[in-house]
There are 2 protein chains.
Amino acid sequence: MLSGRVPVSVYENPRLVEAVGVIREGLSKHITVFVSGRCRVEYEGRASSTLDWGERMIMIKSDGSVLVHRPVGYEPVNWQPSGCLFQTELTGDGNLKIKAIRHRPRESISIFFDKVYLVTVLDLIDTGEFALHASESQMREAILVKPSLVEKGFRPISREKDLGETGFIDVFGVDVEGKFVVVEIKRNPIGKDAVLQLSRYLESIRKKVNRPVRGMVVGPELRKGVQPLLERLRLEYRSLSPQKCFEVLRREKVKKISEFF
Amino acid sequence: MLSGRVPVSVYENPRLVEAVGVIREGLSKHITVFVSGRCRVEYEGRASSTLDWGERMIMIKSDGSVLVHRPVGYEPVNWQPSGCLFQTELTGDGNLKIKAIRHRPRESISIFFDKVYLVTVLDLIDTGEFALHASESQMREAILVKPSLVEKGFRPISREKDLGETGFIDVFGVDVEGKFVVVEIKRNPIGKDAVLQLSRYLESIRKKVNRPVRGMVVGPELRKGVQPLLERLRLEYRSLSPQKCFEVLRREKVKKISEFF
DNA sequence: ACGTCGATCTCGAAC
DNA sequence: GTTCGAGGTCGACGT
């Protein structure tokens, strides 16, 4: 913790005029302001909305983003993405008004409080790294690191091959007999859409190369009803879980570090 | 306010063991718990993620949803949708652990605090109505109320017509000359995807009716490059803003009320 | 239960 | 700057 920094300051049941001062000061310092109280909200922009009086929580972050949260629900009922400018004031009829405006697109939300239960000003420091594992691109990485995840003897030639209008191929390679293999990777259960997409890719490639090309979908499982479609289109399926790929990449990382020393 | 209800209770810089008690009590009462402190987060489920140590804000709502917010960014860095079950405890190495588990899909997040700056328990009541104006379905409503928004003499026949595998038509009707008109409504600028979708709908309908059918996209504007595609496919465009539709519906509402009295 | 579609989607990358 | 696609998308609605 930095010397002298007070991470959290709390103001309980402030008068509205006091709350205005605290909120303005927090916003001017570009730190986080958390307000709870009775309010109504108006939004005007890409759409427009009104939210009648009720008790809620408002979070204003240092990057100028705003969240209005009801007591239930994962999503904020009203919000503003980062980059807002703020006006905080007492209105003529004695409410506390916070207005957040952004440009491009031009939109604003106005929050009117007639009672504030709590204002918290938070000066937080967060440099911790966030890492999401086993995404679709990481599954591709894992296959390039360890091609046998697809099948024994598989050798990748290129990744993310551009087919022009048709789209991209996840992995393109040759099998143990030298036949081309087009691999379509999915992190989620494979549906008909993915199979048809692969089918379109194959059609595009077969036009160009004029020799046998295998098509393979790779993912954690097949949705039901997809197997017959695969057979009809003469495509193949290889089971591969994101977790397995994560393991492969983790081992590779360890290997690289031990080679380095 | 309900007699005796204390909307907000604040605990500043509690010892972790005290924080455990307060959080458990809040969760058991199914009210909102807000925690700020130094923490790390692990997620395991559809994907997996790790978030290293840093100072953040955690919101746990009465419906069992969880949000982990960094000091910047509109979106939570980690979260859990509603319906979670919770375990709150001190770990062997003296951290405060909050674990939120949900089933279908099976996933969990674990939040480990080594310092808690603030625990706030909020017993909020929020019955205020939320109204969003000028959605896509409201644009359809407006067209049914006032068909001339599409063009003079247009008469709607049906809405949300099912085309089986192809999808749905927003509005289907006849023009002043009795020709069929298929209307595709968009609240946002119209891109190629919407035009191609309309084109597929038309193809499907023309097979069935075997007489002239006009296709029209209706929305606030055309994305650039879409005009040539419209011309090539012999489709039409009619400008209509969500705001205009909102106005039409508002006037209709006023009219209905005045007819009632 | 599963699948499709819209969203004040948000966010990031590519062009 | 705009456009395009992915997301632990979420949430609503229909089957």
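Sequence lines set the chain letters: A, B, ... in the order given, protein chains first and strands last, and positions in each chain run from 1.
Between F246(A) and S241(A), every side-chain heavy-atom pair lies at or beyond the 4.5 Å cut-off.
Partners of R187(A) according to the side-chain hydrogen bond (donor to acceptor under 3.5 Å, both in side chains) rule, which considers only residues two or more places apart in sequence or in another chain, do not exist here. Listed by chain and residue number, S65(B) satisfy the side-chain hydrogen bond (donor to acceptor under 3.5 Å, both in side chains) test with D63(B) (two or more places apart in sequence, or in another chain). A search for side-chain hydrogen bond (donor to acceptor under 3.5 Å, both in side chains) contacts involving T91(B) returns D93(B), not counting sequence neighbours. N95(A) pairs by the side-chain hydrogen bond (donor to acceptor under 3.5 Å, both in side chains) definition with nothing, not counting sequence neighbours.
If you take CG of D170(B) and P of dG6(C), they are 8 Å apart, rounded to a whole angstrom. With rounding to whole Å, Q80(B) atom CD is found 18 Å from dG7(D) atom P. dT3(D) atom P lies 15 Å from atom CG of L229(B), rounded to whole Å. Look at CD1 on I109(B): it is 15 Å from P on dT9(D), rounded to the nearest Å. Regarding M139(A), its CE atom lies at a distance of 15 Å from the C1' atom of dG8(D), rounded to whole Å. Between the CG atom of L132(A) and the C1' atom of dC11(C) there is a distance of 13 Å, rounded to whole Å. For R187(B) and dG6(C), the CZ to P distance is 12 Å, given to the nearest whole Å. In this entry the distance linking CG of L67(B) with C1' of dT9(D) reads 14 Å, nearest Å.
Screening residues 230-241 of chain B for salt bridge (Lys or Arg N to Asp or Glu O under 4.0 Å) gives R214(B)-E236(B) as the qualifying pairs, with residues at least two apart or on separate chains.
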Pairs under 3.5 angstrom, nitrogen or oxygen only, protein versus nucleotides 10-12 of chain D, please.
unit_1: dC10(D); atom_1: OP1; unit_2: R46(B); atom_2: NH2; d: 3.0
unit_1: dC10(D); atom_1: OP1; unit_2: W79(B); atom_2: NE1; d: 3.2
unit_1: dC10(D); atom_1: OP2; unit_2: R46(B); atom_2: NH1; d: 3.0

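Residue K192(B) has no polar side-chain atom (N or O) positioned under 4.0 Å from OP1 or OP2 of dT3(D). Applying the 4.0 Å criterion to OP1 and OP2 of dT8(C), one finds that R106(A) has every side-chain N and O outside that range.
Across all strands shown, F130(B) has heavy atoms under 4.0 Å from base atoms, whether or not it also approaches the sugar-phosphate. Across all strands shown, E136(A) has no heavy atoms under 4.0 Å from either base or sugar-phosphate atoms.
Rounded to a whole angstrom, the distance from the P atom of dG8(D) to that of dC4(D) is 22 Å. Nucleotides dT8(C) and dT4(C) place their P atoms 22 Å apart, quoted to the nearest Å.
Side chains of Y43(B) and E107(B): a donor-acceptor N/O pair is present below 3.5 angstrom, by distance only.
Between D193(A) and A47(A), the one whose closest nucleotide on DNA chain C sits nearer the 5' end is D193(A).
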